[in-house]
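Contents: one structure, followed by commentary.
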Amino acid sequence: MPSLMATVPIILTIILTVALNMAAKKVLPLSWLSIVIIGLSIWGMDIQHVAAYTVMGFLGSLDVLCIIFGAILLMNTLNIAGAMKRIEGMFNSISEDARIQLVIIGFTFSAFIEGAAGFGTPAALCAPLLIGLGFPPMAAAVACLILNSAPVSFGAAGTPTNTAIAAVVSELPAMGIGLDEWTLGLAFVTAFGLCVGMCFILFLVVALITKLFGKNKSFADAIPALPFCLLTAFVYGAVALPIARYIGTELTTLMASAVTIFVMLGCARAGVLMPKTVWRFDDATTDAKSSSNESASQMSLFKAWAPYLFISLWLVLTRIPQLGIKPVIQSFSVGLNDLLGIANASWSFKFLNNPGLVPFIPAVLIACVIYKLDGKQISAIVQKSWTQCSGAFVALLFGFALVHIYRYSDANSAGNVSMLFSMASGMANLAGDNYFYVSPFIGTLGAFMFGSNTVSNVMFAPLQFETARILDLPVLLIVALQNQGGAIGNMICINNIVAVCATTGISGVEGRLIRTNFIPWLCYYIILIITALAMLKFGILPAVG
């Protein structure tokens, strides 16, 4: 009975989001209210503890909220200044071959935008760019949704993975696990599975596009692009994996995609591993390409990329442990103890270590100066960014509060274990040895419900962590599978599908997109499970604790 009652907020969330199609910003406050009622009436908590853990959750979300706002603010600054148009124009002279355009724009450039901004911006920018190069709108939507999967767990300077870490950080000391070793271990395991999957999925997407939208309706048309696809996936993984293992979360997608962009652009221009014949869509012409070039800003490429170069340099210098800068910036913090008089309710914020504040905000200020933006433009940027972020802010505030009450509900007069432990025990008993195989599905379910790997990790990373402990499964691997499941869930998430349909002008085909993307999602899911089993068997899994 307690386990069943503990699931009520989760079940309510699923019903409201999936069945009634309510937005997360409306659902999560209601879910929080339901857990407050259960905590007070059934679990025996008092109002002071509930209020303290709610405030603790609100404050705990500040790290993520700052990153989201800083990333979106920079993206809007670049858009209004015309820098993003100049960056897009750089890609218009890649190649006449649509398969190569798909790989470089649909994956590498999309991954860079994901690493810098995340939260739905890659598809909004890259799908229209592909359409401008002659792609059918449906093809652009399918490709951008599927390919924006491997980069997602490290999107917006590592926000989803950092959120998963923040969601379980209070449990690490009791297990003898240091924060740094947990962070690097989780980053590496997450990146390893996603990079292995991309070696297959990148070519699968090219094959899917040639089969569904090519004039010959044949998978064979994709084969000449196979070497280019494999090289792209290899370069991305070769950069992402060492960064994830030895530096951390913020740079994994950002640097891997940046390096891959310029390596593959160089390969394309030099004819390395390029198909011998050009493949294009039936009705594609170079008109769109030419007009795009003509309308692109005359801004220099260095000036257009300058804010991103500043961000990359700052993150490299401050995240490499050997340079000794990281401990210095982490020493600057603000915090509160004994919130509302509750002993274990505390909060700290290392503000200089938060990418949303530094370097994103300084990058925005630099951009405003070098692009000579006036007060009216800056005001419009701030207002647009706030409008875009406000819904996510509400969802994350109450999502973090919900999770904190779940975790600390063992502070009660009835002597009950926490709701999180109770629910995890129920799941452990229900799934047993099969839990390993369903763990990524829970991450995907969260992304499907909320449209965000970040929110999925807020909701389910603590549950996965606790269930793994009960079942004596490797907690690092289970939380990584949660993180990976949330990433690949982006390709079938209804929120993302609706947004892509809007940006590509194909509203009304949401169901067809989900059906089309289901097979790639399933393939990726299977690859993640096989990769995780291989990591266990061959001892690739980092030791923590």
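Keep in mind that what you see is a predicted model, and the values were worked out from it rather than measured.
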Can you list the steps and then say if M491 with Y524 is a side chain to side chain contact (heavy atoms under 4.5 Å, CB included)? CA-CA 11 Å; M491 64 176 75; Y524 219 141; 4.0 Å; yes

Do other residues, nucleotides or ligands put more than 12 heavy atoms under 6.0 Å from [X] [atom1]?
| X | atom1 | result |
| --- | --- | --- |
| F441 | CZ | no |
| F393 | CZ | yes |
| R469 | CZ | yes |
| F234 | CZ | no |

Checking [X] side chain against [Y] main chain: does a donor-acceptor pair fall under 3.5 Å?
| X | Y | value |
| --- | --- | --- |
| S61 | L396 | no |
| S418 | F421 | yes |
| K217 | L212 | yes |
| S257 | L254 | yes |
| S153 | N483 | yes |
| N517 | I492 | no |
| N354 | D63 | yes |
| Q484 | V189 | yes |
| N148 | C144 | no |
| T210 | S218 | yes |

Would you mind reporting whether [Y] and [X] have side-chain heavy atoms less than 4.5 Å apart?
| X | Y | answer |
| --- | --- | --- |
| E181 | P542 | no |
| I113 | M75 | yes |
| D97 | R280 | no |
| L397 | W32 | no |
| P9 | I38 | yes |
| T531 | L528 | no |
| P462 | Y406 | no |
| F465 | I478 | no |

Reported [atom1]-to-[atom2] distance for the pair [X] and [Y], which is rounded to 0.5 angstrom:
| X | Y | atom1 | atom2 | answer |
| --- | --- | --- | --- | --- |
| L477 | M535 | CG | CE | 7.0 Å |
| T253 | E114 | OG1 | CD | 7.0 Å |
| L204 | I209 | CG | CD1 | 10.0 Å |
| M138 | I131 | CE | CD1 | 11.5 Å |
| L420 | H404 | CG | NE2 | 11.5 Å |
| L402 | S34 | CG | OG | 7.0 Å |

Hey, would you say the [X] and [Y] ring centroids sit under 6.0 Å apart?
| X | Y | answer |
| --- | --- | --- |
| F281 | F135 | yes |
| F188 | Y246 | no |
| F69 | F360 | no |

Does V27 form a side chain to side chain contact (heavy atoms under 4.5 Å, CB included) with F398? I'd like the steps, not just the answer. CA-CA 9 Å; V27 171; F398 284 95; over 6 Å; no

[Y] versus [X], side-chain donor and acceptor atoms under 3.5 Å:
| X | Y | answer |
| --- | --- | --- |
| N457 | T163 | no |
| W521 | T444 | yes |
| N490 | N453 | no |
| S31 | T13 | yes |
| Y435 | Q464 | yes |
| Q482 | S456 | yes |

How close do Y236 and A111 get, heavy atom to heavy atom, and via which atoms? CE1-CB, 4.3 Å

Show the numbers, then the answer: is there a side chain to side chain contact (heavy atoms under 4.5 Å, CB included) between F436 and I529? CA-CA 8 Å; F436 179 89; I529 293 294; 4.2 Å; yes

Out of I104, V206, V205, which residue meets the side chain to side chain contact (heavy atoms under 4.5 Å, CB included) rule with R99? V206

Step by step, would you call S149 with M198 a side chain to side chain contact (heavy atoms under 4.5 Å, CB included)? CA-CA 9 Å; S149 47; M198 189 46 62; 3.9 Å; yes

Pick from T161, T159, N162: which one makes a side chain to side chain donor-acceptor pair (under 3.5 Å) with T249?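 Testing each of T161, T159, N162 against T249, the sole residue satisfying side chain to side chain donor-acceptor pair (under 3.5 Å) is N162.
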
